[in-house]
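Computed from a predicted structure; not experimentally measured. So you know, we letter chains A, B, ... as the sequences are listed, proteins then strands, and number each from 1.
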Amino acid sequence: KMRRGVGAGAIAKKKLAEAKYKERGNVLAEDQIVQMSKQLETFKTHLEEFASKHKQEIRKNPQFRVQFQEMCATIGVDPLASGKGFWSEMLGVGDFYYELGVQIIEVCLALKHRNGGLITLDELHQRVLKGRGKYAQEVSQDDLVRAIKKLKVMGNGFGMIPVGGSYLVQSVPAELNMDHTVVLQLAEKKGYVTVSEIKDSLKWEKERACHVLDHLLKEGLAWLDSQAAGEAQYWLPALFSELTSRDVTPEEANQMTP
Amino acid sequence: MDRFSWSNGLLEINETLVIQQRGVRLYDGDDKAKLDLGVTLLSTHRLIWRDIKNHECCIAMPLSQIIFFEEQAAGIGKSAKIVIHLHPVPANKEPGPYQYSKYSYIKLSFKEHGQIEFYRRLTEEMTKKRWENTPVSQPIPTGTGSQAGKTRAVGIVGIERKIEEKRKETDKNISEAFEDLSKLMVKVRKLSFHAKEMVELSRSIANKIKDKQGDITEDETIRFKAYLLSMGIANPVTRETHGSGTHYHLQLAKQLGDMLQAPLEERGGMMALTEVYCLVNRARGMELLSPEDLVNACKMFESLKLPLRLRVFDSGVMVVQLQSHSEEEMIASALDNVSEKGSLTAEEFAKLLGLSVLLSKERLLLAEKMGHLCRDDSVEGLRFYPNLF
């Protein structure tokens with residue numbers, strides 16, 4: 001029986017074994033990659049065939065897009081990860097969503113000074129549809145949500161806050177924690193909220209309510225109406241429907257495209 | 001399994017029995033259905049299943065629900081199966097044993113064999129589509145069915161037929177699209193599974209990358225990464241420094257380096273990544289970049305020695321910045337402007353420099369971080385003053 005020594009011989013032996021293992025691992029990997037390349041080529045053909053028949057369906061049919069996305073999600077494949085992906089190149093799925101991303105960013109930028117960077121999904125949907133013109137393809141809210149999820153990787157604070165059965169879309173890096181979100185949800189019904197309402201509904205101390213409301217004011221997400229009858233009202237322009245009907249002004253449009 | 005409706009199992013007038021087979025268990029997708037063993041019957045119009053012990057328990061589904069089907073060979077301890085892929089639930093479907101299913105396919109498991117003949121007959125019926133020629137009243141009435149009046153004006157019949165044909169044509173196109181999509185996804189699933197196996201076995205590949213760190217012309221690793229990229233499978237093999245490390249992003253990075261010089265100069269040397277995204281994609285018009293493509297390309301600026309950098313502020317805002325516009329310059333300019341005006345908000349600073357509010361705020365925050373400015377944070381807004389301490 002050989003003793004496992006710590007001498008130079010043992011070390012050299014170990015290194016040789018490692019090198020051999022690595023080499024074998026390399027050969028194994030190369031084989032599999034060659035195999036994968038072949039499979040890839042076959043798949044490309046199938047996808048080309050599918051695209052030649054159904055490319056239009058992706059563009060025209062929101063329901064088809066949902067099915068497609070859900071199927072990909074089940075398999076663990078992200079068709080929107082790259083413009084260089086098959087899905088983009090052959091099916092044109094990518095361009096649809098990436099362009100939508102551009103339109104979403106532009107609408108949010110244009111309206112930021114009005115609503116502080118917070119907008120309802122409904123309003124965003126309306127404005128994007130308007131911007132696309134009447135001959136453009138149909139865009140559903142599901143489409144918008146998927147496009148927004150992709151925008152998150154670019155920083156800038158894109159996010160979605162669940163409110164009143166739908167969402168508020170955030171496009172600025174303002175810190176919004178659970179307290180802020182809950183107050184936003186409370187304000188959703190009327191578009192504004194008062195300190196008393198917060199105290200009654202949420203059972204908070206006055207200090208906590210004021211702290212949250214101050215933060216929203218500072219971030220430009222809320223406006224203060226101190227002249228309101230009774231108690232001061234904190235309005236959220238994102239939820240305030242009267243404002244949403246106003247078109248984007250030329251000045252605001254200049255904020256959009258460089 | 002939510003495509004099935006309760007049935008009395010009686011055949012309609014124009015419906016004929018083709019084959020029946022005992023000892024069949026139903027599966028909802030990959031899960032055993034909450035039903036026992038039964039008899040499955042194939043007619044010219046429907047697929048029917050009845051519980052062997054409890055004859056009252058009988059369900060049926062029109063054959064038109066079937067997109068396509070395939071055999072699944074028997075295994076050790078597993079019976080042979082036929083997997084049947086189905087169209088989405090129609091709006092007028094009568095109630096059945098399942099309200100909802102997450103699967104769009106079922107399986108028939110043949111405990112007492114008979115799958116070969118059944119498969120053959122099913123293929124025949126799905127080819128002949130005899131139900132189209134001799135329609136029975138749909139849905140199969142379990143209560144009192146309504147008999148539509150048979151007498152109509154001749155003209156209306158003609159129009160109705162045209163509408164019906166058009167509807168069938170559209171339906172056919174859409175069903176074909178969904179059908180083909182299902183088939184495609186079966187292939188995608190197989191491929192993606194293989195790729196995932198590769199990712200798990202990728203230790204050998206990761207070692208290769210580690211050994212040749214910085215040398216990204218390694219053929220195999222590039223091909224592997226490109227493979228994952230084109231399928232849209234997340235690649236955990238490479239670490240953040242090289243981003244995705246593919247040729248595509250390398251070329252993109254160089255293109256961006258050229259394209260962004262002038263716009264960056266015009267904007268004081270800095271642009272938010274979302275701004276860059278819009279600028280670049282508007283210019284391209286088609287074959288657009290994904291957000292991830294842009295981020296991955298920007299991560300390569302440094303290693304390619306291009307005069308741009310991707311930078312992430314504390315707030316999470318990501319910008320592309322010209323190397324030439326140094327940090328000190330930006331802070332000095334912020335301090336100068338604030339001192340000159342006595343104090344500035346982000347909006348005022350933005351107007352002065354012709355920058356976006358977002359970025360002018362970041363500059364002020366940076367100057368504050370370095371101790372040159374201090375803030376007055378009130379409900380009036382955030383205002384910066386020179387730090388005289």
> Tell me, side chain or backbone of A/K152 under 4.5 Å from chain B's heavy atoms, or both, or neither?
Replying inline: neither
>> Is B/K361 in contact with chain A via its backbone, its side chain, both, or neither, using a 4.5 Å heavy-atom distance?
In response: side chain
> For A/G83 and B/Y248, which heavy atoms make the closest approach, and how far apart are they?
Replying inline: C-OH, 4.4 Å
>> Tell me whether B/E292 is salt-bridged to A/K84, with the criterion being a basic N under 4.0 Å from an acidic carboxylate O.
In response: no
> chain B heavy atoms under 4.5 Å from A/E99: which part of the residue, side chain, backbone, both or neither?
Replying inline: both
> To the nearest 0.5 Å, what is the distance between CD (A/Q67) and OG (B/S104)?
Replying inline: 7.0 Å
>> I'd like to verify something: which residue of B/L252, B/L273, B/D180, B/L358 has the highest number of heavy-atom pairs under 4.5 Å with chain A?
In response: B/D180
> Is atom CD of A/E49 surrounded by more than 12 heavy atoms (other residues, nucleotides or ligands) closer than 6.0 Å?
Replying inline: no
>> For A/K218 and B/L382: C-alpha separation, side-chain torsions, deciding distance, then whether side-chain contact (heavy atoms from CB on, under 4.5 Å) applies.
In response: CA-CA 7 Å; A/K218 281 181 195 170; B/L382 177 59; over 6 Å; no
>> Quick check on B/L310 against chain A: is it the side chain, the backbone, both or neither that has a heavy atom closer than 4.5 Å?
In response: neither
> Heavy-atom count around B/E266 CD within 6.0 Å, excluding the residue itself: above 12?
Replying inline: yes
>> Looking at every non-hydrogen atom in both residues, tell me the closest pair between A/M154 and B/V295 and how far apart they are.
In response: CG-CG2, 4.2 Å
> If you count heavy-atom pairs under 4.5 Å with chain A, which of B/D293, B/L294, B/V317 comes out on top?
Replying inline: B/D293
>> Looking at every non-hydrogen atom in both residues, tell me the closest pair between B/M318 and A/G155 and how far apart they are.
In response: SD-N, 3.5 Å
> Are the side chains of B/R282 and A/E106 in touch, meaning some heavy atoms are under 4.5 Å apart?
Replying inline: yes
> A/K53 versus chain B, heavy atoms under 4.5 Å apart: side chain, backbone, both or neither?
Replying inline: side chain
> Under a 4.5 Å heavy-atom cut-off, does chain A meet the side chain of B/L289, its backbone, both or neither?
Replying inline: backbone
> Is there a donor-acceptor pair closer than 3.5 Å between any side-chain N or O of B/S290 and the backbone N or O of A/A81?
Replying inline: yes
> For the candidates A/L80, A/L224, A/D95, A/L213, which exhibits the highest count of non-hydrogen atom pairs separated by less than 4.5 Å from chain B?
Replying inline: A/D95
> Does the side chain of A/Y98 come within less than 4.5 Å of B/P291's, by heavy atoms?
Replying inline: yes
>> Can you tell me which portion of A/F50 sits under 4.5 Å from chain B's heavy atoms? Options are side chain, backbone, both or neither.
In response: side chain
> Under a 4.5 Å heavy-atom cut-off, does chain A meet the side chain of B/N281, its backbone, both or neither?
Replying inline: side chain
>> Once rounded to the nearest 0.5 Å, what's the spacing between atom OG1 of B/T274 and atom CD1 of A/I105?
In response: 5.0 Å
>> With a 6.0 Å cut-off (strictly less than), is the heavy-atom count around NZ of A/K206, excluding the residue itself, greater than 12?
In response: no
> What closest approach, in Å, do A/L151 and B/Y277 show between heavy atoms, and which atom pair accounts for it?
Replying inline: CD2-CE2, 4.1 Å
>> If you apply the rule side-chain contact (heavy atoms from CB on, under 4.5 Å), what do you find for B/L181 with A/H54, and how did you get there?
In response: CA-CA 9 Å; B/L181 181 64; A/H54 304 298; over 6 Å; no
> Where on A/S88 is there a heavy atom nearer than 4.5 Å to chain B: the side chain, the backbone, both, or neither?
Replying inline: neither
